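Input: a single structure, listed below in structure tokens.
Everything numeric in this text was worked out from a predicted model, so none of it was measured. Chain letters run A, B, ... following the sequence lines, proteins first and then strands; every chain starts at 1.
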There are 2 protein chains.
Amino acid sequence: MVTATRSPSPETASADPAEPTARQAAVLDAVLALMQEKGGQLTMTAVARRASCSKETLYKWFGDRDGLLTATVQWQASRVRAGRYDRQKLDGSSLRDSLKDFAATWLSVISSPTSIALNRVAITDAGSREGNLGQIVLENGRFAIGARLKPVLEEGRAAGLLAFDDTEAAFRSFFGLVGRDVQIRLLLGDALTLGKAEIARDAAIATDQFLTLYGRTAQKPAAA
Amino acid sequence: MVTATRSPSPETASADPAEPTARQAAVLDAVLALMQEKGGQLTMTAVARRASCSKETLYKWFGDRDGLLTATVQWQASRVRAGRYDRQKLDGSSLRDSLKDFAATWLSVISSPTSIALNRVAITDAGSREGNLGQIVLENGRFAIGARLKPVLEEGRAAGLLAFDDTEAAFRSFFGLVGRDVQIRLLLGDALTLGKAEIARDAAIATDQFLTLYGRTAQKPAAA
DNA sequence: GATGAGCCGTACCGTACGTTACGGTTCGGT
DNA sequence: ACCGAACCGTAACGTACGGTACGGCTCATC
């Protein structure tokens, strides 16, 4: 927890899941960097050395190791706020573009070294103890994108462009078509690389497939 | 490694990734049980206590902790050899049934506590060190099912039931439609439960969606 | 210029765990 | 009956790491 359990002075204070100090942000960036480089051996000593701060400071700011990890996850989540997609005219073409953007953004996120490392840590944490890191990652990953995409889907339905009963089910199909085996393979260490062009292509294919399944008008199936 | 680096006597010997002794299998079952119950805290002492064997024996049989985990993964993989699907007449109906069975089997596997625990361990391992556990899990999971499903897809194409250029791409779409967000949610600790009926329903929906995308004849789209 | 808060660097403590060592027991072979 | 191999239970060792304590430095404030 940033500005931990009971901070005696309101110096760097703010709400609980809130803005870290610039210095604190630097520490969290160090954590992210170490996660990617060294993997699981995320030791407090290593973080302190990398961030050029003392362990005492780490514990004062974040409480304990779990608090540091939690703050790191939230810090990373706070900057993956890409794409707004406020309602536009919403014809078939703009809907398709929105979905493609969502798909490409999502593929970029899950294939980034940062996301992979973060998810690995969270999964490890979810496996043992009472760790809530998994839930936090889920909240800021899978569920966040769902919450942002569903309004788009429902606007598409309202505009007569899409047909489905269950928004959640439709989203999960989209999620599957886009992600396929990418995330699990990367998490398990498979040497799968996704370039920008590849992501754009896969996003387009997945979007077309989704429109084939859920579009009200016939779409050209992408039998790649 | 079962019967480790240099086994002085060929007592329980066999090939390297091969059949463990009944006693050794009991030990590996204990590891699997502990993985599910205790999560990450997979200590050698706990394994020895659970399996009623000495730590010395564990080290003699498996070399080190990594060897024990590797043997466990392979042991588990060796018994998930379900479904043969040798070529049959292969009309539209039997193809659909085969795909549905594949989908249901796969969903059952990835939602089983054993698979979740095993994948968590492998992902943790993939994140740190030189661990090859991730590759082993990938080999016996994602890639194994791909190798078994692709012939079915290609027979379907040969029979004029399916249309695709890239078998791998077609399989990955099927994989995504079936798995969607299930595995990542479970790995991250989400309380998602899949009953038999739910699995059967989801497998059918995913299969129909796949056939809509890749079937040569029109299929009824399942807009659930 | 003195004062005190915040922080860096490092030494230190306690514990958990991987790994090794050892005494005692069981059991198949001779 | 004897021998040796395999194995169990447990103690012991070394290390890594989370967490704490402390001395010294910097710097804003008065």
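If you measure from atom CG of B/Asp64 to atom P of C/dC17, you get 17 Å, rounded to the nearest angstrom. A straight line from CG of A/Leu34 to C1' of D/dC17 spans 15 Å, rounded to a whole angstrom. Note: CZ (A/Arg23) to P (D/dT26) measures 16 Å, nearest angstrom. D/dA6 atom P lies 13 Å from atom CD of B/Gln24, rounded to whole Å. Here D/dG19 presents its C1' atom at 8 Å from CE of A/Met44, a figure rounded to the nearest Å. In this structure, B/Tyr59 atom OH and D/dC8 atom C1' are separated by 16 Å, rounded to whole Å. The CG atom of B/Leu68 sits 12 Å away from the C1' atom of C/dG18 (whole-angstrom rounding). If you take CG of A/Leu58 and C1' of C/dG6, they are 14 Å apart, rounded to a whole angstrom.
Within the 4.0 Å cut-off from OP1 or OP2 of C/dC8, at least one side-chain nitrogen or oxygen of A/Thr57 is found. Contact between the side-chain N/O atoms of A/Trp61 and the OP1/OP2 oxygens of C/dG6 is not found at any separation under 4.0 Å. Contact check, B/Arg65 against C/dT20: no side-chain N or O comes under 4.0 Å of OP1 or OP2.
Between A/Phe164 and A/Tyr214, the two ring planes are perpendicular [angle over 60°; tilted spans 30° to 60°].
Under the 4.0 Å criterion applied to side-chain N and carboxylate O atoms, A/Arg96 and A/Asp208 are assigned as salt-bridge partners. One finds a salt bridge joining B/Glu168 and B/Arg142 here, because a Lys/Arg side-chain nitrogen approaches an Asp/Glu carboxylate oxygen to under 4.0 Å.
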Contact pattern, 5' to 3', of nucleotides 9-16 of chain C - B, S or - by protein heavy atom under 4.0 Å
B-------
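Considering all non-hydrogen atoms of both residues, B/Arg148 and B/Phe102 come closest at O-CZ, 3.6 Å. A pairwise comparison of heavy atoms in B/Ala30 and B/Arg50 identifies CB-CG, 3.6 Å as the closest pair.
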Show me, pair by pair, the donor-acceptor contacts under 3.5 angstrom made by side chains of residues 193-203 of chain B, not counting sequence neighbours?
from, atom 1, to, atom 2, distance (Å)
B/Asp202, OD2, B/Arg180, NH2, 3.3

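Comparing C/dT20, D/dC7, D/dG18 by their closest approach to the side chain of A/Thr43 singles out D/dG18.
Using a 4.5 Å cut-off on side-chain heavy atoms (C-beta onward), B/Val121 and B/Leu42 make no contact.
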